[in-house]
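In what follows, every heavy atom counts, from backbone to side chain, and hydrogens, waters and symmetry copies are set aside. Start at 1 and go down the list; that is how both ligands and their atoms are numbered.
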Amino acid sequence: MAKTASNRKKPTVLKRHPRSVVQRKNTTIPISVFGNVMKQFNAAARKLKLDKSLLEFIKMPRRSTIVKLPVRMDDGSYRMFTGYRVQHSIARGPAKGGIRYHPDVTLDEVQALASWMTWKCAVVNIPFGGGKGGIICDPQKLSEGELERLTRRYVADLIDLFGPDVDIPAPDVGTGPKVMSWFMDTYSMKDSRVIPGVVTGKPVTLGGSRGRPEATGRGVMISTREAAGHLGLDLSNSTASVQGFGNVGSVSALLLHELGVKFTHISDVTGAIYDPEGIDVQALAQHVKKTKSVVGFPDVKQIRPKDILYAKVDILIPAALENQITQANAHRVRCRIIAEGANGPTTPEADRILQRNGVMVIPDILCNAGGVTVSYFEWVQNRVGYFWTEEEVNRRLEEKMVAAFHDVLKMALDNRTSMRIGAFMVAITRVIDVVQMRGIYS
Ligand code: GLU
């Protein structure tokens, strides 16, 4: 029988790996994260009606590098790790984006994350392109010495790719200020002088910016507050759930809690908790600092982690990994606003379902852009050698995030489209503008 739209079987998400695969008949097809970015880009490009060849030029990653990294382990043996660095665009400035340490890192994922960085930097209008790196490893299972040797070997192998005017890494999932310190130190050996601007997200004593660790969460708070204002939702009377109580999830929750938001559902990799009266997020952050888990927090109920996404709340903050809200479960989401603290938590198919159901999605490339915005401030402070107060950093971040939010909202409303496609339209327009002005050298 010929396949038609009505008899074609819809793919369903496999139970065991909901974030990464779809199943069709007996075969398992991974959801390509880079494929998701392509779909988002193409949908926005169709609306912009721009020169097709220019769109092709800005769409694909410009350079993808794979390295095998030998590392001496504490027991004296050697282990090979795989590392990646992708530079998606250097049209508006140096490539910019974090380095991820996670067992599931793939080239497909790093290419997607690098592309999102290009669009994210353009949305907040900072003079950077997009890049991303990753190493396949489980940082929880490596000693500090092993992590240091792995980081230094990664930098040494890729040293010619990096530089304050070329490609500037930062923290991402599984990395933080300590990894950035090793990065800066190893890179600085190259020229026998301190080069702080090669990496952002450093500790303040090494030239990091005040406010950088909280910046992504602060940006999530600002964009959620603006979205609530647009929808007429009173934050002091609203509820929220968070998937992922790491740096981004916890700071978003703490800052939104200060605006009166009641967090009823919170999860992390170890489990999920629920309290209809509202979880004391400050006390939970202390508990997690001590025990590394939300589980065991007193006077709350334990729930199944996946139910976090289906909580009946006003605001849902996915702040974990990609492909969480998919075609298979989007219809179960019951919130009014999704604030994407993570990169890529919602697939394009899920976006369509959410839009139909009237859920406002604040897309990752806007919602979590506070991190890279303060990375830009850090880079500026490193160039000048003069450091701002935390109030100054936060004031400038507020200004950037509010402007970006309203640029995107206007684009979405003017074109009767979603905030995601609106954000891509703003970003693509800004990148194309620069490419057209510079011209293509060929
Ligand atoms: N990894 C963060 C992101 O995905 C921060 C990148 C940066 O500061 O360069 O936006």
Q) Does ligand 1 have a heavy atom under 4.0 Å from the side chain of N343, from its backbone, from both, or from neither? A)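 The answer is the side chain of N343.
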
Show the atoms of ligand 1 that are less than 4.0 angstrom away from any heavy atom in [X].
X    : value
K120 : 3 (C), 4 (O), 10 (O)
D172 : 1 (N), 2 (C), 4 (O)
M117 : 3 (C), 4 (O), 6 (C), 10 (O)
S375 : 7 (C), 8 (O), 9 (O)
K132 : 1 (N), 3 (C), 4 (O)

Could you check whether any heavy atom of [X] sits closer than 4.0 Å to an atom of ligand 1, since that is the contact criterion I want to use?
X    : answer
A369 : no
R100 : no
R212 : yes

Is there a side-chain contact between [X] and [Y] (heavy atoms, below 4.5 Å)?
X    : Y    : value
I31  : E349 : no
N368 : K120 : yes
N36  : E322 : no

(Q) Looking only at distances, can you tell me whether any N or O atom of P171, backbone or side chain, sits closer than 3.5 Å to an N or O atom of ligand 1? (A)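 The answer is yes, given that P171 and ligand 1 share an N or O pair closer than 3.5 Å.
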
Q.
Which residue and atom name correspond to the protein heavy atom nearest atom 7 (C) of ligand 1, and how close is it?
A.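 Answer, as residue, atom name and distance: A170 CB, 3.3 Å.
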
**Q.** Shortest protein heavy-atom distance from atom 9 (O) of ligand 1, along with the residue and atom involved
**A.**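 Answer for atom 9 (O) of ligand 1: K96 NZ, 2.7 Å.
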
Q. Could you go step by step and tell me if L142 and M73 meet the side chain to side chain contact (heavy atoms under 4.5 Å, CB included) rule?
A. CA-CA 9 Å; L142 297 175; M73 307 304 281; 3.7 Å; yes

In terms of heavy-atom contacts, does [atom1] of [X] have more than 12 from other residues, nucleotides or ligands at under 6.0 Å?
X    : atom1 : result
K59  : NZ    : yes
R334 : CZ    : yes
E390 : CD    : yes

(Q) Assess, by modelled atom type and distance only, whether the side chains of Y101 and T151 contain a donor and an acceptor separated by less than 3.5 Å. (A)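 Y101 vs T151: donor-acceptor pair found between side chains.
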
